[in-house]
Amino acid sequence: MRSHSCGLLNESLINEPVILCGWVNRRRDHGGVIFIDLRDRSGLVQVVFNPELADAFALAEQVRNEYVLRITGTVRRRPEGTENPELATGQVEVVGQYIDILNAAETPPFQLDEAHVGEDIRLRYRYIDLRRPEMQARLQLRANITRLLRQFLDEQGFLEIETPMLTKATPEGARDYLVPSRTHPGQFFALPQSPQLFKQLLMMSGMERYYQIVRCFRDEDLRADRQPEFTQLDIEMSFIDESIIKNMMESMMRQLFKEVKGEQLPEPFPSMSYEDAMLRYGTDKPDLRVPLVLTEVSDLMAEVKFKVFAKPANDPEGRVAALCVPRLKISRKQIDDYTDFVAIYGAKGLAYIKVNDITAGRNGLQSPILKFLPDKAIEGLLERTKADSGSLIFFGADKAKIVNEALGALRLKIAEDLKLIQKNWKPLWIVDYPMFEWDETEKRWVSLHHPFTAPNVQDIETLEANPGACLSRAYDMVLNGEEIGGGSIRIHRPEMQSAVFRVLGIGEQEASEKFGFLLDALKYGCPPHGGIAFGLDRLVMLMCGASSIRDVIAFPKTQTASCLLTSAPSPASPAQLRELHIRLRSNNPH
RNA sequence: GGAGCAGUAGCUCAGUUGGUUAGAGUAUCGGCCUGUCACGCCGAGGGUCACGGGUUCGAGUCCCGUCUGCUCCGCCA
């Protein structure tokens, strides 16, 4: 059908006959000469039609944008002075001799070269949107990434193994997508939130090294970096500890970035405890490209006569922290805007101190709260925050959770506003996560990672005596403020797994109903094992500089989890519902 | 469940204090044009101002509700 790809034609093919297939990117009709830019996946090439070849010229007059053509012609050097250095093929052109119109095309609903088409219209006509070179490049990059990841893991002796999509609903974690069973009235499959249990079972099956690029489903509300179905690179290994898998995963990422981006990632990746991350960045996925940090000042504020600070400073669950921004000149209005911004995270206010002259002590400072602060607190504050003349110090004082989220977000917001974000790659590991977190609404311990994560203690007594103090053997890989991967060494002893279920308040009966197969499997010879899962969409998004994972997914969903292209979801027919033993509570859902 | 932003020509947008026939760019269609590459020039067509209600002599503009898209909180690892 075709002999060459449009974007690959060059001077080495001059005088060669070629047959090209592609879309009309643009037609320029000069009356006596017609240019058609023909586009395929490889790029563009200009085809020229002259009136001497009357048949081809007549067809060239008829074609319109996005027509699909097969063109026969000859490559030639462009006449001197008409070369186009913007185009990879710009030194040559094809003299068109024959045109087959393989298919006509209606006028597209949007122009492919329009920079700011609404995302809804792009999604509705995604097949046209994906023709744009930018989107082609993103999907190409995604394919390159998955190929290199597979190649690396294959070389390390991993087996790619598939796991079920129709599986069992699990308690804990996200809301499940349910699939009704026709053959079991009233019963449901769940789509996997991740293949977690299956990959552990594969370790118990003696597979030793497993990976899979696998779709996962979570029925939760969407974000720019969250889709209801997303792709994980899922990995599990037997007979390992943290250092083995972390080192291997680091090498994988270093190799990936080197080959795809030509970038050298650090060796080794820095490592930070969860506690340090929360103290210094207010989050467990710190963006190390931002040179601002939070400063703990609870102890300095414990004695001050300012209730807003003193109360959280003396509350074991409270925190007073400072965010010092050097050389920050902003208006009252901008401070108000930042106050509104932190209110999103539940902060009731945003106290601040302007440092006009660091050498003048208290007199060099300017703040509505200055009068509440004794000299000692001010001294300590200025020293710890390394404030200088021109600095602005913001404060968060509340429950630690609120302070962390508010100041953590403010840190990123200010960095963005002030263009303080460095242009490089900053990966790191977050380790030493707490095993459990106390859920105040449910009045019980919940897993910070998941219930199969091994605790950092050997004996069950220590775990059960003080669950809140127990750390886990989990590790997250963070890149530029995005959590791109997370994993852990798993529990491989049935007694420990039962103990963790007990701490989580999962009774013996429930445990055996929901996870009986896992507890059984642990009894039949389970190797020590652990693994990790990477959010592939997020990784690709970062690597191609996109701001949403929708831009690296061929057919993504909107924020309300619908597909504008297919109009899914849509009502099921009464016959389908009857077969599935389902009756709707309302007959008029639309 | 909640907060914010947006919805006007196929697309991207403007539309002043509520006031005559709702505009621009681009795309489309027609004509002219032999070296353009965002070709150029001339002309034409194209509007349920998201939807529903209200206020008013009069609503794209003001008010209420609904829907859709995006960002975020909650939710989610």
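Proteins come first, then strands; the chains are lettered A, B, ... in the order of their sequence lines, and each starts at number 1.
For residues 338-349 of chain A, the pairs satisfying salt bridge (charged side-chain N to carboxylate O under 4.0 Å, His left out) are A:K348-A:D398, with sequence neighbours left out. Listed by first and then second residue, the ring pair (Phe, Tyr, Trp, His ring centres under 6.0 Å) pairs involving residues 21-57 of chain A are A:H30-A:F35 (not counting sequence neighbours).
Base-pair partner of B:rU56: not found among the strands shown (Watson-Crick or G-U wobble, both distances under 3.5 Å). B:rU16 is unpaired under the criterion used here, namely a Watson-Crick or G-U wobble arrangement in which both key atom distances are under 3.5 Å.
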What pairs of nitrogen or oxygen atoms, one from the protein and one from nucleotides 4-7 of chain B, lie under 3.5 Å apart?
none

Please produce a list of atom pairs where a protein N or O lies less than 3.5 Å from an N or O of nucleotides 33-36 of chain B.
unit_1, atom_1, unit_2, atom_2, d
B:rC33, N3, A:D29, O, 3.2
B:rC33, N3, A:G31, N, 3.3
B:rU34, OP2, A:G32, N, 3.1
B:rU34, O4, A:E52, OE2, 3.4
B:rG35, O6, A:R76, NH2, 2.6
B:rG35, N1, A:E93, OE2, 3.0
B:rG35, N2, A:E93, OE1, 2.4
B:rG35, N2, A:E93, OE2, 3.2
B:rU36, O4', A:H30, NE2, 3.4
B:rU36, O2', A:H30, NE2, 3.3
B:rU36, O2, A:R28, NE, 2.6
B:rU36, O2, A:R28, NH2, 3.2
B:rU36, O2, A:Q46, OE1, 3.4
B:rU36, N3, A:Q46, OE1, 2.7
B:rU36, N3, A:Q46, NE2, 3.0
B:rU36, O4, A:Q46, NE2, 2.6
B:rU36, O4, A:R78, NH1, 3.2

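Legend: residues meeting salt bridge (charged side-chain N to carboxylate O under 4.0 Å, His left out) with A:R218, ordered by chain and number and at least two apart, are absent. The side chain to side chain donor-acceptor pair (under 3.5 Å) test applied to A:Q497 returns no partner, not counting sequence neighbours. For the side chain to side chain donor-acceptor pair (under 3.5 Å) test, residues two or more places apart in sequence or in another chain that qualify with A:Q334 are A:S331. Every residue two or more places apart in sequence or in another chain that forms a side chain to side chain donor-acceptor pair (under 3.5 Å) with A:Y211 is listed here: A:D154, A:E160.
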Considering only distance and modelled atom types, tabulate donor-acceptor pairs under 3.5 Å from the side chains of residues 561-569 of chain A, sequence neighbours left out.
unit_1, atom_1, unit_2, atom_2, d
A:S562, OG, A:T558, OG1, 3.1
A:T566, OG1, A:A568, N, 3.2

Side-chain donor-acceptor contacts of residues 127-138 of chain A below 3.5 Å, not counting sequence neighbours, with atom names and distances?
unit_1, atom_1, unit_2, atom_2, d
A:D129, OD1, A:R122, NE, 2.9
A:D129, OD1, A:R132, NH1, 2.6
A:D129, OD2, A:R122, NE, 3.1
A:D129, OD2, A:R122, NH2, 3.2
A:D129, OD2, A:R126, NH1, 2.7
A:R131, NH1, A:E66, OE1, 2.8
A:R132, NH2, A:E134, OE1, 2.8
A:E134, OE2, A:R138, NH2, 3.2
A:Q136, NE2, A:L130, O, 3.1

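Candidate nucleotides B:rA77, B:rC73, B:rU12 were compared by shortest atom distance to the side chain of A:E114, and B:rU12 ranks first. Checked against B:rC72, B:rU71, B:rG69, the side chain of A:T558 finds its nearest nucleotide in B:rG69. Of the candidates B:rA27, B:rC72, B:rU71, B:rU71 carries the atom nearest the A:R550 side chain, counting heavy atoms from C-beta on. Of the listed nucleotides (B:rA27, B:rU12, B:rA77), B:rA27 has the atom at the smallest distance from the side chain of A:T107.
Remark: the separation of the C1' atoms in B:rG74 and B:rC63 is 30 Å, to the nearest Å. Taking atom P in both B:rC29 and B:rU21, one finds a spacing of 32 Å when rounded to whole Å. Comparing the same atom, P, in B:rG54 and in B:rU16 gives a spacing of 25 Å after rounding to whole Å. Between B:rG53 and B:rC67, the distance separating the two C1' atoms is 15 Å to the nearest Å. For the P atom pair drawn from B:rC64 and B:rU55, the interatomic distance equals 15 Å after rounding to whole Å. Nucleotides B:rU71 and B:rA27 place their P atoms 30 Å apart, quoted to the nearest Å. Across the C1' atoms, B:rA24 and B:rG19 are found 22 Å apart, a figure rounded to whole Å. For the C1' atom pair drawn from B:rG31 and B:rA22, the interatomic distance equals 29 Å after rounding to whole Å.
The main-chain N or O of A:G81 is found under 3.5 Å from a side-chain atom of A:E83 such that the two form a donor-acceptor pair. With A:R319 contributing its side chain and A:L279 its backbone, the two residues share a donor-acceptor pair below 3.5 Å.
A straight line from CG of A:L536 to P of B:rA77 spans 19 Å, rounded to a whole angstrom.
A heavy atom closer than 4.0 Å to some atom of RNA chain B occurs in no member of residues 282-290 of chain A. Using a 4.0 Å cut-off on heavy atoms, the residues of residues 212-227 of chain A that approach RNA chain B are A:R218, A:E220, A:D221, A:R223, A:A224, A:R226, listed by number.
Applying the 3.5 Å distance criterion, the base of B:rC37 shares a donor-acceptor pair with the side chain of A:N84.
A:R124 comes within 4.0 angstrom of no nucleic acid atom, judged by non-hydrogen atoms across all strands. Within the nucleic acid shown, A:S562 comes within 4.0 Å of sugar-phosphate atoms alone, with no base atom in reach, counting heavy atoms only. At the heavy-atom level, A:I121 lies under 4.0 Å from the strands shown only through sugar-phosphate atoms. Using a 4.0 Å heavy-atom criterion, one finds that A:E405 contacts the sugar-phosphate atoms exclusively. Residue A:G118 is classed as a sugar-phosphate contact, given heavy-atom separations below 4.0 Å to backbone atoms only. As judged by a 4.0 angstrom heavy-atom cut-off over every strand, A:T560 is placed among residues touching the sugar-phosphate backbone only. Across all strands shown, A:Q559 has heavy atoms under 4.0 Å from base atoms, whether or not it also approaches the sugar-phosphate.
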Walk me through it: do A:Q196 and A:R490 pass the test side chain to side chain contact (heavy atoms under 4.5 Å, CB included)? CA-CA 10 Å; A:Q196 182 60 36; A:R490 325 297 185 187; 3.5 Å; yes
I'd like to know whether A:D234 forms a side chain to side chain donor-acceptor pair (under 3.5 Å) with A:Y210, so could you lay out the CA-CA distance, the side-chain angles of the two residues, the decisive distance to 0.1 Å, and finally the verdict. CA-CA 8 Å; A:D234 197 45; A:Y210 142 93; 2.9 Å; yes
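For the residue pair A:Q232/A:S194, the side-chain donor-acceptor check at 3.5 Å is not satisfied. No hydrogens or angles considered: a donor-acceptor pair under 3.5 Å links the side chains of A:Q193 and A:D176. Residues A:Y274 and A:D476 have side chains that never bring a donor and an acceptor to within less than 3.5 angstrom of each other.
Side-chain nitrogen and oxygen atoms of A:N65 include at least one within less than 4.0 Å of the OP1 or OP2 phosphate oxygen of B:rU28.
Residue A:Y345 is the one, among A:Y345 and A:Q232, whose nearest nucleotide of RNA chain B lies closer to the 5' end (criterion: closest heavy atom).
The only option from A:D537, A:I532, A:L536 that meets the side chain to side chain contact (heavy atoms under 4.5 Å, CB included) definition with A:F534 turns out to be A:I532.
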